[in-house]
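Structure first, then comments.
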Amino acid sequence: LELGMAIKFGEIFLYSHNPEKLFHFLSHLLNIQAHEYTENKIRFSYQDVDFVIRPSESKKLSRTSYFSLFASSFEEIEDLKRNIEFYYYKEGTKKFSISEIEGGIEFTDPDERKWSVVLGIDSLHTLSSASNDSFDVRNF
């Protein structure tokens with residue numbers, strides 16, 4: 001039986017005290033558009049995964065504590081870092097976190113979820129195998 005092949009992610013729910021602000025942040029960061037934008041939910045897709053932002057009245061959000069993204073180069077990570085810093089500067093928000101970690105960055109969204117962006121597995125493999133070669137161009 002290959003039941004695992006038929007199962008895929010349906011929707012990932014992100015609960016927020018301010019869904020519009022969270023969507024504004026994510027749309028700035030990921031260049032996404034909403035498929036549905038109502039008082040009770042904001043629905044969007046990113047890389048074939050469906051997300052739904054829902055309002056929460058709870059003082060403490062029940063949230064996934066960590067999300068990770070892969071980038072294909074250090075330049076993409078640096079561009080993303082500048083983009084995040086610009087977003088928070090533009091919004092006048094001082095309560096955010098962004099820091100460098102090994103191979104990437106870690107940051108928080110407006111609801112203080114943690115996100116990391118690191119080089120993708122394919123990129124890491126390419127870099128590590130290239131670094132074992134001599135820098136002589138004849139090897140390429």
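Keep in mind it's a predicted model, so treat the numbers as computed, not measured.
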task: List the steps, then state whether ring pair (Phe, Tyr, Trp, His ring centres under 6.0 Å) holds for Tyr87 with Phe25.
output: CA-CA 7 Å; Tyr87 172 84; Phe25 173 76; 5.0 Å; yes
Ring centre gap for Phe23 and Phe44 strictly below 6.0 Å: yes
message: Counting neighbours of OH on Tyr37 that are heavy atoms of other residues, nucleotides or ligands and sit closer than 6.0 Å, is the number greater than 12?
response: yes
message: Counting only heavy atoms from other residues, nucleotides and ligands, does the tally under 6.0 Å from CD of Glu39 exceed 12?
response: no
Looking at [atom1] of [X] and [atom2] of [Y], how far apart are the two atoms once the value is rounded to the nearest 0.5 Å?
X: Ser97; Y: Ile84; atom1: OG; atom2: CD1; answer: 10.0 Å
X: His28; Y: Lys90; atom1: NE2; atom2: NZ; answer: 5.5 Å
X: Ile53; Y: Lys41; atom1: CD1; atom2: NZ; answer: 13.0 Å
X: Gln33; Y: Tyr46; atom1: CD; atom2: OH; answer: 14.0 Å
X: Leu80; Y: Glu75; atom1: CG; atom2: CD; answer: 13.5 Å
X: Leu119; Y: Phe74; atom1: CG; atom2: CZ; answer: 4.5 Å

field: Under the side-chain hydrogen bond (donor to acceptor under 3.5 Å, both in side chains) test, residues paired with Ser45 that sit two or more places apart
entry: His35, Asp50
Do [X] and [Y] have side-chain heavy atoms sitting under 4.5 Å apart?
X: Ser68; Y: Val117; value: no
X: His17; Y: Glu57; value: no
X: Leu29; Y: Phe107; value: yes

task: Quick one: sort the Phe86 and Tyr89 rings into parallel, tilted or perpendicular, breaks at 30° and 60°.
output: tilted
task: Decide yes or no on side chain to side chain contact (heavy atoms under 4.5 Å, CB included) for Lys21 and Thr93, but give the supporting numbers first.
output: CA-CA 12 Å; Lys21 185 173 187 173; Thr93 305; 3.9 Å; yes
For [X] versus [Y], what's the shortest heavy-atom pair and its separation?
X: Ile101; Y: Ser116; answer: CD1-CB, 4.1 Å
X: Val49; Y: Ile12; answer: CG1-CD1, 3.7 Å
X: Pro110; Y: Leu22; answer: CD-CD1, 4.0 Å
X: Pro55; Y: Pro19; answer: CA-CG, 3.7 Å
X: Ile77; Y: Gly103; answer: CD1-O, 3.6 Å

message: Please evaluate residues Val52 and Leu14 with respect to the criterion side chain to side chain contact (heavy atoms under 4.5 Å, CB included), reporting the C-alpha separation (whole Å), side-chain torsions for both, the decisive distance (0.1 Å), and the verdict.
response: CA-CA 6 Å; Val52 178; Leu14 303 173; over 6 Å; no
message: According to salt bridge (Lys or Arg N to Asp or Glu O under 4.0 Å), does anything in residues 100-109 pair up with another residue at least two apart or in another chain? List the pairs.
response: Lys81-Glu100, Asp109-Arg113
- prompt: Leu69 and Leu30: side chain to side chain contact (heavy atoms under 4.5 Å, CB included), yes or no, with the steps?
  reply: CA-CA 11 Å; Leu69 303 171; Leu30 305 173; 4.3 Å; yes
message: Applying side chain to side chain contact (heavy atoms under 4.5 Å, CB included), can you list everything that pairs with Phe96, at least two apart in sequence or on another chain?
response: Tyr88, Ile98, Thr108
